[in-house]
Each structure stands twice: as C-alpha cells, then as structure tokens.
**Student:** 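My structure is below; once you've seen it, I'll send some questions.
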2 protein chains.
Amino acid sequence: MARRTDSTAPADRSARRRADRIDERRRALADAALLTLSELGYARTSLREIAQNSAFSHGVLHYYFRDKVDLITYCVRQYKTHCVERYDGIVATAASPEDLLDGVAEGLAATLEQDALLHRLWYDLRTQSLFEESFRADVAAIDGSLERMIWRTVEAYARLVGAAPACPPSFAYATVDGLFHQALQRHLAGAADALDVLRAGVRRQLATLVA
Amino acid sequence: MARRTDSTAPADRSARRRADRIDERRRALADAALLTLSELGYARTSLREIAQNSAFSHGVLHYYFRDKVDLITYCVRQYKTHCVERYDGIVATAASPEDLLDGVAEGLAATLEQDALLHRLWYDLRTQSLFEESFRADVAAIDGSLERMIWRTVEAYARLVGAAPACPPSFAYATVDGLFHQALQRHLAGAADALDVLRAGVRRQLATLVA
DNA sequence: GGGAAATCTTGACGACTGTCCAAAGCCGTC
DNA sequence: GACGGCTTTGGACAGTCGTCAAGATTTCCC
C-alpha cells in the first residue's frame, strides 16, 4: 500500500504525457486540415487531401478523430480560438472615440487582409451549417462570440462619447458583418480599394449605433 | 429561287419550335434542380438526385446541359430572374417616407419567409463562387443587381424626405444584406422574432442612409 | 404508315469518397 | 536486447459521383 496515493506515480505521468501527445497531434492535424479547408472550401476538401498537406497518411486521421465531422468540428473550434485571440485587445487601449474607430477599422482591415482565406472558410462553414446539422452548434457559438465582440466595441465607443448604445447587439453585428463580408468578397476579387471601403464603412456604421 | 426568302418557311418554323421546346425542357429541368439545390445545398446535390426530383432520368441532363457547371449556371441565371421579378415593384408605389419604409421592410420580410430556402441557396452559391471560378461571373451579376435594387430604394427614400443619399451604394447593400442574412439564419433556426427584428433593422438602417 | 430524326433510358466506366483493418514500424520499459 | 503496446501505413471495401454511349422509344414529316 505504501505510496499508492502518490499522484505522480509513473503510470499517471506516462498517461498524462500520452494524452498531451495525442492533443498535440490532433492540433497539428487540425492545422493541416484548416490549411486545406481554407484553400479548397468545405465541399472540395477530402480527408486524403488533408493528409497530403500534413506529414501523415490518410489512415491516421481516423486514429485521432472519430470521423470527418469530428475532425471538422475540431477545426472549427480551433479556428474560433485563433479568431477571438486575434480580435481581442483591439478595443482595450483606446482613449478617445477617434482612437477607437481608428483601431477597430484598422484591426478589421488588417485581419481581413492577413487571414482572408480563413475568413472565407468561416463564411463557407457558416453557410454549410445551414444545411448540415453536424456543426451547427459550434458555428452558432462562434457567431455569438463574434456578436459579443462587436457589441463590446459599441459599448466602448458609447462610453467614450458619453452616450448609450442605441441598437440591439444583433443589429450591430449584422451590419458590421455585412460590411466585412462584402469587403472580403471584393478583396478576394482583387479590388484594390476593398480595405479602404471597409475602414470607412465600419467607422460610419459604428458612429450611427450610439444615441 | 422563288420563295427562298420567305422567313416562315416550314423548316424555319420547325426549327424554332424545336428550339422553344428545348428551352422549355431546360427551364423545367432547372426548376427541378433549383428545388433539389435549395433543399440540399450545392455540396450535397448530385445530378441523379436532381433527376429523381424531375420526371426524367439522370442521363437526360447531359442532353440539355453540357455538364454540371452548365446546369448550375443556368439555374443561377433562372434564380436571378425569379428574384428581381419578386423584388421589383415594391418601391414604385410609395407616397410617403413611412409608406416606403413599411413597404420595403414588409417586402423583405415576406420574401424571406416565403422563399427562405431559395435565399439560403443564394448565400450558398455566393459562397461557393468564392472557391470556384465557374459561376463567379453570374453570381457577381446577381450581386450587382441586388445592390442596384437596394440603391433604388435608398434613392426613392431620399427623394421622399427631400434629402440626398449620404452613402455609397455598396455600403447600403452590405449593411442591408447583412441584416437580411442574419434574419434568414435566425428564421431557419426557428426564431419567432426573426422577421420582426428584420423589419425594425431595415427601417432603422435605411433611415440612416440619407443626409 | 413508314422512315428518319429527336429524345429518353439504362447501364457502364473510371475516379473519387469516407471508413475500416491487418500488418508493419516505432518506442519505452523491464 | 527483447518484449508489448502505441502509432502509422497503405491497401481494400462499398458507395457515390459526373460523364458517356449504345440502344429503346417517341415524335415529326413526307
């Protein structure tokens, strides 16, 4: 019985290391999957293609993921963390309304440019979730967190101009998302002014959202 | 040489009738395809499934359409005419700004409710066109005509309140489309207030678009 | 009414998909 | 250094896909 209560018994430590290794593999495979997905879109991405963009063979995907839906769900979740990490922190450090508008407009334009393919994938998956039950819940969760992010911006702006938000959060999100989506579409189509139009549009729309 | 110049020679008439019949078949098949597409989405719709929702067998599709892309392109074009026909005429008969806002809000809410699946398909195809070159041109054409439709509304509203539009057409379209897309998403998810939220949102947004 | 052309059906083809599995490779532990 | 479990491979499987073509059927014209 001696030291059976020791929580760092060799067996436990090895089990933990194993679990960590598995998590790491899953993350790596999900990264490869996101790469392929953002390039080809959901409809045209096969498991073999994903595996070819990774260091492994196609069979290993079913060792780490139950099936294709499990993998894609995991990818969506991973994308979400990537997403909110990027977005957060834009709002925090603004001292004046103008600063905030600048920061938000610039932040959105920057991520649109840098992560254009990931955003394209996001809109793809969001649309697919309208047809496929599988990852609807995860998509809805991301949508909600994006809406809350926009809403934090509106609240911060309202505070800085000494007014109150004058619209529901869903209205703010819908209109700004519409602007972002259109800008992405034009940016991908090669329109040189897409980013500037987005900046101007976001500034204008945010300004009308407070009383 | 006698009547070789007669434009209604039997051969011509028969050729014309044949062409008409072909057009009719193509329209019927495209209708069946639109039915299936709007139910399953682009990614999950196969030619066999389309044929099963029609009165014909799957082989006939390649008699009237070169390939799948040709069929879907034809569907997209057909959807466009269906779309603008529906939309047009909302704006024309408004006497006061309030009338116009009512009419537009109600018109958008009505088509969202009645043609929910078709609109879902539209967003699906628009997203697919970000990945697939094939029907990008047709999608862009529809997008443009929708933008012009919204813009006509803005202009009419501005005229009625005696002001000028105070934003670019693309801004008006992006924000209203964002509202419409969100409302569709919530409506399909079963939210009972989706239509009312859309009505309120559209009214609010349109009102801010003129000086 | 018969023959030719248009139309439609049916089955086949090769390519591709997600999934599964037996075997091989790998690695830590005794 | 050999054993045993964890990883990984690559092929097999059943299914579906778009496409095609040969044959059956219908339609039309003389």
Side-chain angles (χ1 to χ4, degrees), chain A residues 8-30 32-33 36-37 39-75 128 131-135, chain B residues 8-30 32-33 36-37 39-75 128 131-135:
Chain A
T8 62
D12 286 2
R13 284 184 47 207
S14 117
R16 189 144 355 108
R17 270 194 321 189
R18 177 167 123 76
D20 288 353
R21 251 200 337 265
I22 288 185
D23 273 4
E24 197 180 348
R25 269 279 182 282
R26 285 166 70 101
R27 264 193 295 274
L29 288 172
T36 309
L37 280 167
E39 203 161 324
L40 301 179
Y42 173 77
R44 280 159 293 285
T45 297
S46 70
L47 294 183
R48 285 172 171 81
E49 195 98 30
I50 291 175
Q52 245 165 4
N53 277 15
S54 78
F56 303 95
S57 71
H58 69 271
V60 84
L61 288 172
H62 283 86
Y63 186 77
Y64 289 102
F65 299 96
R66 189 165 13 93
D67 54 14
K68 192 186 184 184
V69 170
D70 188 28
L71 165 61
I72 303 234
T73 302
Y74 193 93
C75 286
Q128 292 313 308
F131 294 94
E132 200 147 345
E133 166 67 26
S134 322
F135 32 89
Chain B
T8 61
D12 286 2
R13 284 185 46 210
S14 116
R16 188 143 0 106
R17 269 196 321 189
R18 176 168 125 75
D20 288 352
R21 248 198 342 263
I22 288 185
D23 274 4
E24 197 180 349
R25 270 279 181 281
R26 287 166 68 100
R27 264 193 294 274
L29 288 172
T36 309
L37 279 167
E39 203 161 324
L40 301 179
Y42 173 77
R44 280 159 293 286
T45 297
S46 69
L47 294 183
R48 285 173 171 81
E49 195 99 27
I50 291 174
Q52 245 165 4
N53 279 14
S54 80
F56 303 95
S57 69
H58 69 271
V60 86
L61 288 171
H62 282 87
Y63 187 77
Y64 289 103
F65 299 97
R66 190 165 13 93
D67 54 14
K68 192 185 184 184
V69 170
D70 189 27
L71 166 59
I72 302 235
T73 303
Y74 192 92
C75 286
Q128 292 312 310
F131 294 94
E132 202 146 343
E133 166 66 28
S134 322
F135 31 90

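Chain A is the first sequence line, chain B the second, and so forth, proteins listed ahead of strands; every chain is numbered from 1.
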**Student:** Atom pairs under 3.5 Å, N or O on each side, protein against nucleotides 9-11 of chain D: can you list them with distances?
**Tutor:**
from, atom 1, to, atom 2, distance (Å)
D/dT9, OP2, A/S57, N, 2.8
D/dT9, OP2, A/S57, OG, 3.1
D/dT9, O5', A/S57, OG, 3.4
D/dG11, O6, A/H58, NE2, 2.7

**Student:** Is the shortest side-chain N/O distance from B/R25 to OP1 or OP2 of C/dC8 below 4.0 Å?
**Tutor:** yes

**Student:** So, A/R26 side chain and A/F65 main chain: donor-acceptor pair closer than 3.5 Å or not?
**Tutor:** no

**Student:** Quick one: does B/D67's side chain get under 4.5 Å of B/D70's, heavy atoms only?
**Tutor:** yes

**Student:** Between atom CD in B/E49 and atom P in D/dG18, what is the gap in whole Å?
**Tutor:** 10 Å

**Student:** Do A/L47 and A/L71 have side chains that get closer than 4.5 Å, going by heavy atoms?
**Tutor:** yes

**Student:** Measure from NZ or CZ of A/K68 to the centre of the six-membered ring of A/F135, then state whether that distance is under 6.0 Å and the direction lies within 45° of the axis.
**Tutor:** no

**Student:** How long is the line joining CG of B/D20 and P of D/dC28, in whole Å?
**Tutor:** 13 Å

**Student:** Any side-chain N or O of B/H62 less than 4.0 Å from the OP1 or OP2 oxygen of D/dT19?
**Tutor:** yes

**Student:** Could you tell me how far apart A/Y42 (OH) and C/dT17 (P) are, to the nearest whole angstrom?
**Tutor:** 13 Å

**Student:** So, is A/Y64 near the phosphate of D/dT8, with a side-chain N or O under 4.0 Å from OP1 or OP2?
**Tutor:** yes

**Student:** What is the distance from atom CD1 of B/I50 to atom CG of B/L29, rounded to the nearest 0.5 Å?
**Tutor:** 9.0 Å

**Student:** When the distance from CD of A/Q52 to C1' of D/dT8 is rounded to whole Å, what number comes out?
**Tutor:** 16 Å

**Student:** Below 4.0 angstrom from OP1 or OP2 of D/dT27, is there any side-chain N or O of B/R21?
**Tutor:** no

**Student:** Is the shortest side-chain heavy-atom distance between B/E39 and B/R44 below 4.5 Å?
**Tutor:** no

**Student:** Starting at atom CD1 of B/I50, determine the distance to atom P of D/dC17, rounded to an integer number of angstrom.
**Tutor:** 11 Å

**Student:** A/D67 CG to C/dT17 C1': how many Å, rounded?
**Tutor:** 14 Å

**Student:** Rounding to an integer number of Å, can you tell me how far A/E132 CD sits from C/dG18 P?
**Tutor:** 12 Å

**Student:** Starting at CD1 of B/I22 and ending at C1' of C/dC8, how long is that distance when rounded to a whole Å?
**Tutor:** 13 Å

**Student:** Taking only side-chain N and O atoms of B/S46, does any of them lie within less than 4.0 angstrom of OP1 or OP2 on D/dC17?
**Tutor:** yes

**Student:** For a 4.5 angstrom cut-off between non-hydrogen side-chain atoms, does B/R25 reach B/F56?
**Tutor:** yes

